[in-house]
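Computed over heavy atoms, backbone and side chain alike; hydrogens, waters and symmetry mates excluded. Per chain, numbering begins at 1; letters A, B, ... match sequence-line order.
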There are 2 protein chains.
Amino acid sequence: MAEVQLQTQTRADEAFDCLQTAIVKGDLAPGEKIGEVELCSRFNLTRGPLREALGRLESRGLLVRRPHAGVKVVSVSADELIELYRIREVMEGLAARQAAERMTDEEIQDLLATLDSHEAMIEEAQGQAYYQAEGDYDFHHRIATGSRNTKLAQMLLGDLYYMVRMYRYRLSTSAGRPHMALGEHRSIVEAIAQRDGELAEFLMKRHINAARQNIEKKIQEGVLTI
Amino acid sequence: MAEVQLQTQTRADEAFDCLQTAIVKGDLAPGEKIGEVELCSRFNLTRGPLREALGRLESRGLLVRRPHAGVKVVSVSADELIELYRIREVMEGLAARQAAERMTDEEIQDLLATLDSHEAMIEEAQGQAYYQAEGDYDFHHRIATGSRNTKLAQMLLGDLYYMVRMYRYRLSTSAGRPHMALGEHRSIVEAIAQRDGELAEFLMKRHINAARQNIEKKIQEGVLTI
DNA sequence: GTAAGGCATATTGTTGACAATCCACGAGTT
DNA sequence: AACTCGTGGATTGTCAACAATATGCCTTAC
């Protein structure tokens with residue numbers, strides 16, 4: 001392991017990050033029961049910091065822990081994934097509205113620039129949905145922080161996105177969707193640029209609603225089994 | 001049998017509960033820097049479980065922890081308290097809508113019954129705002145769980161309510177508000193009973209909006225200093 | 001007199017060993 | 001043959017000692 005680690009980062013934080021990414025990337029399959037000692041040897045940690053990290057992960061709902069029985073990765077059902085999108089709809093709607101009221105002109109310009117780069121990425125990497133997903137994540141990330149609502153950003157970035165991303169990695173976005181999503185992103189930013197919070201909220205809600213319907217359709221088609 | 005306590009409760013859970021209530025009740029003042037050893041002696045714990053609990057509290061945003069520098073209770077500014085209510089508005093709006101779609105008839109009847117008991121409490125205990133606050137908490141708690149949206153309930157009950165309650169304890173609700181709030185509660189339940197999700201969402205949002213404006217007014221009057 | 005730097009102390013972060021608890025397997029009984 | 005009960009093993013929960021780091025005070029130089 002290359003020790004690039006910052007000294008201000010404690011071992012427990014390190015463990016937390018490792019585990020979180022491992023869960024999100026799918027290296028630790030949902031429902032899988034994992035022993036503490038195995039995790040220790042896998043990430044070169046001792047049980048103290050590991051347990052601390054496990055506690056945090058549990059508190060965030062990525063793990064379930066039964067006393068003396070062990071830890072297992074949470075397995076989210078299809079219904080629960082849909083519910084997640086319903087929550088995103090209202091929370092990101094609020095984020096968009098507040099972002100329209102509070103983002104600086106600079107931030108908005110920057111956001112527009114990133115949209116251009118996302119478009120370029122989609123154009124050249126035809127079908128490489130991964131980058132599109134990263135771009136999408138980047139977009140929503142900026143809106144969340146742009147809202148200047150600390151707790152809102154914390155809940156979105158710390159709780160919801162990680163759970164959603166758990167499925168992003170196994171779930172390729174459908175063919176025409178990236179282009180459409182980009183268009184929707186543009187409209188939202190436009191509304192923000194015009195400082196029209198109400199419109200930004202409406203458009204964001206519709207955007208996430210569309211994404212949810214897209215996933216629902218896939219599940220019904222049986223393309224996506226969770 | 002002296003062991004009324006469930007054995008499935010681990011020391012870390014115990015520590016977590018103790019600390020959480022201590023923070024919420026104000027026994028640990030916001031901004032106060034607290035040493036680990038002091039907490040250990042105070043709650044009869046060892047540092048292992050304590051640290052695990054601290055990690056969870058930090059992850060939930062009730063504590064801030066700087067490496068090697070110690071732990072201190074988070075201090076929420078007036079603005080941030082307002083922001084909390086903005087989040088509640090959209091999230092509980094969603095909860096109300098989903099509750100209208102999914103609560104059982106039994107649950108709704110039960111909810112109505114609790115509203116009656118709340119009314120009785122307000123009538124007899126004139127000015128005892130504490131019970132009203134508890135009743136209010138109870139009401140919102142039921143709506144959240146009634147939504148059948150696991151993650152939504154988790155975020156509301158696990159994250160937001162505890163932060164809001166931090167201030168409930170020092171902040172007596174204003175004179176006429178309990179009665180008004182109760183009336184709003186009734187309208188919401190009525191909408192739920194009629195399975196009108198859209199209306200329930202609207203009414204709940206307006207209800208929380210009113211509560212927020214009430215607090216904003218108090219802050220501007222200087223009655224409430226945070 | 002003030003500011004910068006180094007040292008001591010106290011506090012946090014980490015480690016490894018010990019104790020308590022659950023799960024699985026096997027034996028005995030119906 | 002199937003079910004229940006008991007025991008062994010493994011895993012988790014807990015503890016106390018060790019190491020690393022930041023804060024505060026004192027000294028010293030300008």
Side-chain angles (χ1 to χ4, degrees), chain A residues 1-20 22-23 28-75, chain B residues 1-20 22-23 28-75:
Chain A
M1 282 257 274
E3 304 296 321
V4 194
Q5 67 179 11
L6 300 166
Q7 290 293 32
T8 57
Q9 188 104 333
T10 178
R11 303 280 278 186
D13 293 330
E14 204 180 323
F16 180 75
D17 291 337
C18 285
L19 280 175
Q20 181 152 274
I23 291 172
L28 270 54
E32 187 179 1
K33 184 187 164 294
I34 42 183
E36 292 187 359
V37 282
E38 190 199 322
L39 288 176
C40 289
S41 59
R42 195 153 153 185
F43 294 111
N44 277 13
L45 294 162
T46 51
R47 285 184 54 215
L50 181 88
R51 283 182 60 79
E52 211 174 304
L54 288 178
R56 284 198 244 177
L57 265 315
E58 188 200 13
S59 178
R60 290 205 178 179
L62 270 71
L63 295 177
V64 286
R65 189 137 74 132
R66 256 184 27 213
H68 298 98
V71 176
K72 75 174 205 275
V73 180
V74 76
S75 61
Chain B
M1 283 282 198
E3 41 189 338
V4 184
Q5 68 173 25
L6 299 169
Q7 291 291 30
T8 57
Q9 188 100 337
T10 179
R11 304 278 278 187
D13 294 329
E14 206 179 320
F16 180 75
D17 290 338
C18 285
L19 281 174
Q20 182 152 272
I23 292 173
L28 271 54
E32 186 180 1
K33 185 185 163 294
I34 42 182
E36 291 186 1
V37 282
E38 190 197 322
L39 288 176
C40 289
S41 59
R42 196 153 151 184
F43 295 109
N44 275 16
L45 295 161
T46 51
R47 285 183 55 213
L50 182 89
R51 284 181 61 80
E52 209 174 306
L54 289 178
R56 286 198 241 176
L57 266 314
E58 187 201 14
S59 177
R60 289 204 178 178
L62 269 72
L63 295 177
V64 286
R65 191 137 75 131
R66 255 184 27 214
H68 297 99
V71 175
K72 75 174 205 276
V73 180
V74 75
S75 60

(request) Scan A:R51 against the nucleic acid and name what it touches under 4.0 Å (heavy atoms): base, sugar-phosphate only, or nothing. (result)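 Base: the residue A:R51, judged by heavy atoms under 4.0 Å, touches a nucleobase.
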(message) What's B:G35 touching, base or sugar-phosphate or nothing? Going by heavy atoms closer than 4.0 Å.
(response) sugar-phosphate
Taking only nitrogen or oxygen atoms into account, show me every contact under 3.5 Å that the protein makes with nucleotides 18-20 of chain C, one pair per line with its distance.
none

Between [X] ([atom1]) and [N] ([atom2]), how many Å, whole number?
{"X": "B:E36", "N": "C:dA10", "atom1": "CD", "atom2": "P", "result": "17 Å"}
{"X": "A:I34", "N": "D:dT11", "atom1": "CD1", "atom2": "C1'", "result": "14 Å"}
{"X": "B:R66", "N": "D:dT21", "atom1": "CZ", "atom2": "C1'", "result": "12 Å"}
{"X": "A:K72", "N": "D:dT11", "atom1": "NZ", "atom2": "P", "result": "18 Å"}

What's touching nucleotides 5-9 of chain C from the protein side, N or O pairs under 3.5 Å?
none

(message) Using a strict heavy-atom distance below 4.0 Å, which residues from residues 52-61 of chain A are in contact with DNA chain D?
(response)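 Of all residues in residues 52-61 of chain A, none places a heavy atom under 4.0 Å from DNA chain D.
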(request) Output the residues of residues 38-46 of chain B in contact with DNA chain D, where contact means a heavy atom of the residue under 4.0 Å from an atom of the strand; sort by number or write none. (result)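 Heavy-atom cutoff 4.0 Å gives B:T46.
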(message) So that I can tick it off, tell me whether A:E58 and A:K72 are bridged by a salt bridge, with the cut-off set at under 4.0 angstrom between side-chain N and carboxylate O.
(response) no
(message) Just to verify, what does B:A69 make a side-chain contact (heavy atoms from CB on, under 4.5 Å) with, not counting sequence neighbours?
(response)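 For B:A69 the side-chain contact (heavy atoms from CB on, under 4.5 Å) partners, ignoring immediate neighbours, are B:R66.
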(request) Determine the minimum heavy-atom distance between A:C40 and A:L50, stating which atoms define it. (result)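 So the minimum-distance heavy-atom pair works out to SG-CD2, 3.8 Å.
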(message) Suppose the criterion is side-chain hydrogen bond (donor to acceptor under 3.5 Å, both in side chains): which pairs have a residue in residues 39-50 of chain B, not counting sequence neighbours?
(response)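 Those involving residues 39-50 of chain B are B:E36-B:R47.
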